[in-house]
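Written out below as structure tokens is the structure these notes cover.
Positions are given from 1, in the same order as the sequence printed here. Start at 1 and go down the list; that is how both ligands and their atoms are numbered. Here the structure is a predicted model, which is why all the values come from computation and not from measurement.
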Amino acid sequence: MQRREFLKLSTMLGATGVLPGLMGGCSARPLPGTGEVRTSPTVCNICFWQCAATLYTENRQPWKVVGNPHDPHCNGRLCTRGSGGIASYGDPDRLRHPLIRVDKNGKQSFRKATWDEAFDYISDKMQTIAERHGRDRIALFSHGDGGSHFQRMLQAFGSHAYAHPSFAQCRGPREVAFGLTFGEGVGSPDRTDMTKSRCIVLIGSHIGENLHNSQVQSLTEALDNGATLITVDPRFSVPASKSKHWLPVKPGTDLALLLAWMNVIINEDLHDRDYVARYCSGFEQLAAHVQPFNPEWAYLETGLEPDQIRTTARAMAQAAPATLIHPGRHVTWYGDDSQRCRAIAILNALLGSWGRPGGFYAQEKVDLPEYPAPKPPKPDRDWKADVQADYPLVSTGISNVLIDHSVGPDAFFKGWFVYATNLVTTIPGVRKQLEQAAQSLDLMVVIDTMPAEITGYADVVLPECTYLERHDDLRNKPERIPTLALRMPAFPPEFDSKPAWWIARGLAKKLDLGKYFPWQDYREVLDWQLRQVGSSLKEMEEIGVKTFPRKTPVYFDPLKPVTFNTPSGKIELYSPSLEQTGHDPLPKYTPPQRPPSGYFHLNYGRAAAHTFGRTINNPLLFELMPENCVWVHPSAAAGLGITSGQYVRLKNPEGAHSNRVRVRVTQRIRPDSVFLVHGFGHTDQRLRLARGVGADDAGLMHNVKIDPVMGGTGMRASFVTLVRKEA
Ligand code: SF4
């Protein structure tokens, strides 16, 4: 008998029936807008871009959600997913009640619990962990706006370890690389000044498929203004189709191309000499380093014609400094990702685009004071010294490293809180490790709005209400224009779901830590904060978004000296910090592994209708895109004897199979690669729309390369083949 069996929520909840409401097609309803209409401000939570919006209800039922026209972050527009977000409220598969794992006669299941029972169970386990192992042995994994409340509760308890998978499985390499080079990361939203760019280079970045709203708007505006778009991608993606130059690079060789571009720009004296002399250090070492990497060398690695490499390098230089080599967002690919992102940062520096119009602007947010509550005490010892000492250049948690330290009887971590992140599909190739962690952890709490595969490992599942039913912290992101935006409930929470602030506070009170949560209602916190900056909750409930004047310049002032937040105070083309920590101080190219015979590089990406696996079960978005398909080049398809529309399974060299997935034969992909949209292939039976449709790319990843600089998981080094399967 296992200590913690994987449980499918359906075994306890007995889900049956059909989906009401939003999937119901046409009926004899009155025309929209003819009933009692009310509006309330919100901030979209269907992805993490946080566009401000207005929710319309009619006769107290959800009607529509539209962009707030006063929000400079979204310009009054929502993307497809944001518009479909309203269906998350009525999703019949939502988590409804707290659940506690029980063991009856050797058989495990979940039982419905009250909040008080759930808090008692969790606090008892936390106290036991503290007594046996120490108060610092509980980790938080979080990917959502309410995570800060659980972070506060755990810090008050004595556990400070937290990780956002958005670092080690997504943006981490570029944040570390840009931090090493410029002394600051790119941040989120990205500080890219695309509307003013005259040349934009996208490397494996799918803006337009990845619908980060304002980025798509900025790219579109730049193209309307005549900007040159260069797209580097093994696949003819949507942005590739808008590009002047499409470079179908061999997977894994992007860094070879970047080195060749630097070679051309330096050797043809196309770099911004004044900018480099004024702001940068290490140019001589860089110039010597790139000498061997001419376009002819790069041709053998990348498969790209030397002429095309030279032409595109010159196009970038011609438009500089209004040239943006886009840093990308999901950049954990091949394990040398920090080095590739360093090469992108260096190339931008050579062209003088950091701090200049059309390149990267300086972000600013509202100086919003913290509510006057006691601060959790600082720990005597930093948990990172015990868990991730191998990554001294990283200041945040590395999710996969925290999981490594949760397996086995002597593991550091004994308890987990998992908030709004389905670790099963977020961390590549992690299933076996999660099963092992589930056997050795003393507590696992999962908090989410929807069932997901991770809930199958939980001791306790806590249902959060949707973003349409709750207050969260004010949106206060570093941006071009400082703004605050309010998310407030349009409906009371359905079923027995609760907002994150309520859950964290309730648990803190049970742990005798209530003094760290001195408010009765989160409205008190929001109103107090807003009053410190000349507004109020009442005002924000009416307007939703408020803008504030900037206090700092958007770009460098050429008449003033600039000191960068690096050890030398300069932009560090050559990185002494990397050298001191045993890494290459200048980007070093390592040729990638090639697929075994009969296998293909597994590429994955996003689609306009979905955000990872989080939205597949959303009835409106499911209707738009109910399954993914696998892209295959015609020559590869002919070799395998498969045709478009046929179902296959994907298999990796270790024998792992996907669900059945439909084939799309297309010339829009290199013959050595296949492509999937990420997020499909759910197995949780409670997700009545999403279960069993499409293929899960994360479950096929077998060759996960760890970045030695920042510990992230390189997720594009895996291979698959296609196995015929009748529909
Ligand atoms: Fe919502 Fe789309 Fe904005 Fe994301 S980009 S917050 S899904 S509207």
Requested in this report: Anything under 30° is parallel, anything over 60° is perpendicular, the rest tilted; go ahead and classify Y522 against W519.
Outcome: perpendicular
Query raised in the report: Does any N, O or S atom of C47, backbone or side chain, fall under 2.8 Å from atom 4 (Fe) of ligand 1?
Result: yes
Query - Heavy-atom side-chain proximity of D233 to N603 below 4.5 angstrom - result: no
Query raised in the report: Where is the nearest protein heavy atom to atom 6 (S) of ligand 1: which residue, which atom, and how far?
Result: Q50 N, 3.4 Å
Requested in this report: Check each atom of ligand 1 against the heavy atoms of I46 and keep those under 4.0 Å away; list them by number with element.
Outcome: 7 (S)
Query raised in the report: Taking heavy atoms and a distance under 4.0 Å, where does L211 meet ligand 1: side chain, backbone, both or neither?
Result: backbone
**Report entry** Shortest protein contact, atom 1 (Fe) of ligand 1 (heavy atom only)
**Finding:** C44 SG, 2.3 Å
Report summary line: Here the atoms of ligand 1 under 4.0 Å from any heavy atom belonging to L78 are 8 (S)
Query raised in the report: Where is the nearest protein heavy atom to atom 3 (Fe) of ligand 1: which residue, which atom, and how far?
Result: C51 SG, 2.3 Å
Requested in this report: Enumerate the atoms of ligand 1 whose separation from the nearest heavy atom of W49 is less than 4.0 angstrom.
Outcome: 4 (Fe), 5 (S), 6 (S)
Query - E36, CD atom: more than 12 neighbouring heavy atoms under 6.0 Å - result: yes
Query raised in the report: What are the atoms of ligand 1, with element, lying closer than 4.0 Å to any heavy atom of C79?
Result: 2 (Fe), 5 (S), 7 (S), 8 (S)
